[in-house]
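Here the structure is laid out as structure tokens; the discussion comes afterwards.
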Amino acid sequence: MSNTDGVRDGPMFSYRPNWEASFHDARLWQRLENDAVQCGLSPRHCKMRPGQAGFCGVRQNVNGRLVSLNYGQATHISQESVETEAVFHFAPGAPILSLGNVGCMLNCDYCQNWRTSQARYVSSADVHRYTPERVVEIAVERGIPIISWTYNDPVVWHEFVLDTSRIARARGIRALFKSAFFISLEAAAELCEVVDVFSISIKSLDEDFYRKITKGWLPPVLRATRLVFEQGKHVEISNLMVTDANDTTDDARRLAEWVLANLSASTPLHFARFHPDYKYTHVNRTPIERLEEARRAALEEGLLFAYLGNARDTESLNTQCPGCGHTLIVRTGTHAREVGLDALGRCANCQRKLEYVRLESAARPPAKKVGELRPAAPSRRLQRREFLWHGEINALHVEAHNLGLQRGHVSCRRLIDGNGAESGQSVEIGGQDSFRFMVSKFRPDENGVEIMAPEDFKLRIFEVYDRAHYPTVDLDTAQADQDQTPLPYYTRGGRGGLRR
Ligand code: SF4
């Protein structure tokens, strides 16, 4: 229920999540009469009586104080690349450590991470516990220069994001915040103290679309985006073009005009392809031609950098010099290579400076050995898994649990059409530890990937449908009957099923 000033009451029941929640003092709230509280983290400003939770399901009134239920409660920590987050002009090709959490201040009909964003559907099996110190330690151990707050939406993880990013910053690690940014100005200002990069998803410039499809409203998103840009933060904007909903060229022009008027001509704008998910499965994936038209329209409006997202095999993923058209950065899926830049980050052809941030190798934390040092086993039997790319599936998450005491490696080799295999990633995992990482298609003639690990590793393999998609159902549990909508399928009123 919304009252007239846009303030939304919390659910009218005592709230008990399905996962093991913790109580951590929340920031940004005020006390009301009769032990009620009002949250100031997102523009909903939920009012809650004792026992009630807010719209997001992860902030609750406990005996007259507001607590965060999801502090340190996360999806499995994962290694991806910065391109996964619709960030093309900050440290191209850099690895990131991605963390999602539970809950969201929106409820988009097409959410691709609904199984973690909608607190009532979250399963304990998908929730892991981390401390801020442990997250930073993992980044340091693995030499990962950026922590990315992503997936469901990090706005509702405010306290954990602030605490962790502060420690990370002191260790020379950057923070990236990927969000729909339906956030109060006060909270956005706090983030500016610790976050370096904002990748903001503006769903549409149509207020009706926001209200009907996302259950939020537009002006706070635009205000907060302007605020972080004015604070000098690196900002990139993305727009998920949902088939037949917000995917016209006019939609793209309006968004490009807004970026030009409120941010800058050199702010990258990404048009991302949608896959049917959650309650929005009655249409197909967005046709690529519509994304290409949107990109052309944004460039015609005067933006210098417009890209496609969730697409492959198109030049529209590459960065061209706005001065002479020379190709500067080439991207294949979520991989990036600088090809036309000199040592100073200028176009090698016309010497125009590219508006982007290059992380100097000196700024990257050195990788430490992962796990406790123990003598290696003389010979360890290996298990082998093979996965073939198919249809729209060009990326995997590999989650490896080392059940033994000795550290070991998960090695991935690319299977090349008619030419055997070529080496790819090798990820070290300490005894009794686990790690998750993305493997994605790189070469056009690549058929799939071979994964090798010691026999005492438990391997879970997940199909990744699009970037910033956190899959929760692994291939050993079930496989979808098509490659448009991942499992679990949403079932009305239920927790999601594996079969239609
Ligand atoms: S963060 Fe959650 S509790 Fe706070 S105002 Fe937003 S939806 Fe309501």
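Values reported hereafter were calculated over all heavy atoms of this structure, with side chains retained and with hydrogens, waters and symmetry mates removed. In this text the structure is predicted, and so the values were computed from the model without any measurement. Every number for a ligand or one of its atoms is a count from 1 in the order of the listing.
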Is the ring centre of Y280 less than 6.0 Å from the ring centre of H282?
yes
Taking the six-membered ring for Trp, are F88 and H270 parallel (under 30°), tilted (30 to 60°) or perpendicular (over 60°)?
perpendicular
Aromatic F435 / basic R142 pairing, under 6.0 angstrom, 45° off normal
yes
F462 ring center near H397 ring center (under 6.0 Å)
no
Do any of the N/O/S atoms of M105, backbone or side chain, fall under 2.8 Å from atom 6 (Fe) of ligand 1?
no
So which protein heavy atom does atom 1 (S) of ligand 1 come closest to, and at what separation?
R59 CD, 3.6 Å
Heavy-atom contacts with G54 under 4.0 Å: which atoms of ligand 1 show up? List them by number with element.
3 (S)
Once you measure the plane-to-plane angle for H401 and H76, does it fall in the parallel (<30°), tilted (30-60°) or perpendicular (>60°) bin?
perpendicular
Which is closest to atom 2 (Fe) of ligand 1 in terms of heavy atoms, G216, S184, C56?
C56
What atoms in ligand 1 come closer than 4.0 Å to a heavy atom of R44?
5 (S), 7 (S)
The test is ring pair (Phe, Tyr, Trp, His ring centres under 6.0 Å); show your working for H89 and Y307 and say whether it passes.
CA-CA 11 Å; H89 285 226; Y307 298 104; 5.7 Å; yes
How close does the nearest protein non-hydrogen atom get to atom 6 (Fe) of ligand 1, and which residue and atom is it?
S42 OG, 2.2 Å
Would one find an N, O or S atom of C46, in either backbone or side chain, under 2.8 Å from atom 2 (Fe) of ligand 1?
no
Which residue and atom name correspond to the protein heavy atom nearest atom 4 (Fe) of ligand 1, and how close is it?
C39 SG, 2.4 Å
